[in-house]
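Below is one structure, written out as C-alpha cells, with a few remarks after it.
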Amino acid sequence: MKYISTRGQAPELTFEEAMLTGLARDGGLYLPAEIPVMTQDEIAALAGLNYEEIAFRVMWPYVSESFAEDEFRQIIARAYEGFGHDARAPLKQLNENHFLLELFHGPTLAFKDFAMQLIGQLFQVALKRRNDRVTIVGATSGDTGSAAIEAFRGLDAVDVFILFPHGRVSEVQRRQMTTPADSNVHALAVDGDFDDCQAALKDMFNDFDFRDGVKLAGVNSINFARVLAQIVYYFSAAVSLGAPHRKVSFTVPTGNFGDIFAGYLAKRMGLPIDRLVVATNQNDILHRCLSGEGYFKGDTIPSISPSMDIQVSSNFERALYYAYGEDGGAIAQLMDELKTGGFNVSQGAMEALRENFDSGRVSEEETLATIKSTLDQSAELVCPHTAIGIKVAEDHRAADVPMITLATAHPAKFPAAVEKASGEHPPLPSRMSDLYERPERVTRIANDLGALEDHIKRHIAE
Ligand SMILES: *Cc1c(COP(=O)(O)O)cnc(C)c1O
C-alpha cells in the first residue's frame with residue numbers, strides 16, 4: 001500500500017515513512033492510495049474475536065509492507081496490555097437503542113490512548129530497525145499530549161515535546177503531562193490557545209531546516225497511523241451489535257475530525273454504517289460547514305469540553321479530499337483560502353459530505369444538563385465531551401438503527417464540570433490516585449516560533 005498526500009504534490013510513501021513523517025511536504029495529509037475493502041464474510045468473522053485480533057485483521061492491509069505479521073501482532077499486544085479493561089473498548093447500553101462505546105480505559109483515560117499507545121510501539125520497532133532517532137513535537141488541547149507522553153516516555157530513540165495552551169487544560173490533563181519524570185519528556189505551556197499551538201507545530205514542519213535538523217516527527221491526529229488505530233473500534237462495536245447483518249450509526253464528539261474520519265474509513269472498508277454524526281461544542285466550525293454555511297474560522301471560545309475547543313479542524317482536509325473527488329489541486333487551493341479566513345464548499349462536495357455525515361452543536365448549558373439527565377436516567381456519569389455526543393445522538397437517532405455514541409474520556413478527567421452538573425465528584429481510577437501528589441515539571445514559553453524551535457534544539461538528547 002502506497003500513501004499519497006491530500007494536496008497531490010508530495011512523494012508517495014510507504015506506511016512506515018508516512019508514519020515517521022506525519023505531515024506531507026506539500027502541507028497535505030497522507031492517505032492510502034486505495035482504501036482496502038473487507039468482504040461481508042470477513043466482517044462477519046470478526047464477531048466473537050478479542051480486540052487485539054480484530055485490530056490485526058482490520059489494520060493489516062494498511063501496514064503489511066512495513067511490518068512482519070508476527071511483529072505487528074506483538075506491537076498490538078503491547079499497545080493494549082496496559083488498558084484497565086479486558087474488552088479494551090466495551091459497549092454499554094444507555095437506553096433502548098442507544099449505546100456508549102467506552103474509549104477511556106487506557107493509561108490517560110481518553111480515547112487517544114488507542115492510537116497513541118499503538119504509535120509508540122510502531123515507532124519503537126521502526127526506529128530500532130533503522131538505528132535512528134526522532135524528535136516528536138505535538139500540539140494538544142489536553143488529551144493528545146498526555147497520551148503521547150505516556151506512549152513515548154522512556155523510549156531512548158525519541159524526545160517528546162508537547163505544546164499545550166497555558167491555563168486552558170484541566171488540572172488532571174496538565175498533571176498527566178507535567179508529572180512523568182522521564183528525561184525524554186518535555187512539557188511546554190505556550191502563551192496562546194490550542195489553534196496557536198497547532199499553527200506553531202505546522203510552521204515547524206514547514207521550516208525544512210529545523211525539521212530535518214532535529215528529525216522532527218509528528219504524532220498529532222494528522223498522522224495517518226493515529227487514524228488507522230481508530231478504525232478498529234468502529235468494527236468491534238458494530239460487529240458486537242450485529243454487523244454486517246445490521247446497520248449501526250455513530251455519533252462522535254469531534255474537534256479535529258480525526259476520530260470521526262476513522263469511522264468514515266470504516267464505512268468505506270465495507271462496514272455497514274448508516275450515519276456518522278458530528279457533535280461539536282460552541283466551537284462549531286464543522287457544524288456550520290456541514291449545515292451549508294461554508295468553512296470559515298471563528299475565534300476559539302474556551303468551553304467545559306476543552307479537547308474540542310478547535311476552530312481549524314485538521315483532519316477535515318481528508319474528508320474534503322474525498323468529497324472533491326480526490327482532486328489534490330482543489331484541496332491545495334481551498335487550504336490557501338483558509339489562510340485568509342475560509343472558503344465555501346462546492347455543491348457537489350456538500351452533497352458528498354451529506355451522504356455520510358450529519359451534525360449538531362451543543363451549548364454549555366445543554367452539556368451540563370445532559371450530564372445530569374444521563375446520570376438520572378441511565379446511572380452513568382459521563383465527561384462533558386461524551387455528554388455532547390449523547391445530546392446530538394438523541395437528536396439524530398432513527399428508531400430502527402442502533403446508535404453508538406463514542407465516550408471519549410473518563411469523567412474524572414474533567415471533575416469540575418462533572419461535579420458542577422451532577423453534584424457528584426468523579427474519582428480517579430485507583431491506578432492513578434496519587435496524581436495530585438507527584439511533582440510537576442513544565443516550561444512556560446512565548447507563542448513564538450523562534451523561541452520554540454530554539455528551546456527544542458537545546459533540549460534534545462545527542
Ligand atoms: C481529542 C478529543 C476529542 C476530539 O477528537 P478529534 O479526533 O479531534 O475529533 C473529543 N473528546 C475528547 C475527550 C478528546 O480527547
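Below, all heavy atoms of this structure are taken into account, side chains as well, without hydrogens, waters or symmetry copies.
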Between the CG atom in Asn356 and the CG atom in Leu290, the distance rounded to the nearest 0.5 Å is 10.5 Å
Any side-chain heavy-atom pair of Asn184 and Asp156 under 4.5 Å
no
Can a donor-acceptor pair be found between the side chains of Tyr233 and Asp259 at a distance below 3.5 Å?
yes
Looking at Lys457 and Glu453, is any side-chain nitrogen of the basic one under 4.0 Å from a carboxylate oxygen of the acidic one?
no
Can a side-chain donor-acceptor contact be found between Glu366 and Ser363 if the only test is distance below 3.5 angstrom?
yes
Within a reach of under 6.0 Å around CG of Asn50, are more than 12 heavy atoms found that belong to other residues, nucleotides or ligands?
yes
Does a donor on one side chain and an acceptor on the other come within less than 3.5 Å for Arg444 and His166?
yes
Determine whether more than 12 heavy atoms belonging to other residues, nucleotides or ligands lie under 6.0 Å from atom CD of Glu34.
no
Output field: ring centroids His459/Phe161 closer than 6.0 Å:
no
side-chain hydrogen bond (donor to acceptor under 3.5 Å, both in side chains), that's the test. Do Asn283 and Thr300 meet it? Break it down for me.
CA-CA 6 Å; Asn283 297 295; Thr300 310; 5.0 Å; no
Side-chain touch Thr370/Leu368, heavy atoms, less than 4.5 angstrom:
no
Other residues, nucleotides, ligands: >12 heavy atoms within 6.0 Å of Asp299 CG:
no
Distance from Ser313 atom OG to Lys297 atom NZ, nearest 0.5 Å?
13.0 Å
Between Glu150 and Thr108, is there a side-chain donor-acceptor contact under 3.5 Å, judged purely by atom types and distance?
no
Contact between Phe261 and Asn256 at the side-chain level, heavy atoms closer than 4.5 Å - yes or no?
no
Between the side chains of Glu440 and Arg174, is the shortest nitrogen-to-carboxylate-oxygen separation below 4.0 Å, so that they form an ion pair?
yes
Gln9 atom CD: more than 12 heavy-atom contacts under 6.0 Å
no
Determine, for Asp182 against Arg153, whether the closest basic-nitrogen to carboxylate-oxygen distance falls under 4.0 angstrom.
yes
Should the pair Glu52-Arg73 be classified as a salt bridge under the 4.0 Å nitrogen-to-oxygen rule?
no
Would you check if there is a donor-acceptor pair between the side chains of Tyr264 and Arg268 at a distance under 3.5 Å?
yes
Min side-chain heavy-atom separation Arg168-Phe194 under 4.5 Å
no
With no hydrogens and no angle check, is any side-chain donor or acceptor of Asn223 less than 3.5 Å from a backbone partner on Met19?
yes
Any Lys/Arg nitrogen of Arg211 or Asp207 sitting under 4.0 Å from an Asp/Glu carboxylate oxygen of the other?
no
Heavy atoms of other groups near Glu71 CD, more than 12 under 6.0 Å
yes
Surrounding CG of Asp212 (heavy atoms of other residues, nucleotides or ligands, distance under 6.0 Å), is the total greater than 12?
yes
Is any side-chain N of the basic residue among Asp143 and Lys413 closer than 4.0 Å to the acidic one's carboxylate O?
yes
Keeping the roles fixed (side chain from Asn447, backbone from Val190), state whether a donor-acceptor pair exists under 3.5 Å.
no
Between Phe104 and His410, how do the two ring planes meet: parallel, tilted or perpendicular, split at 30° and 60°?
perpendicular
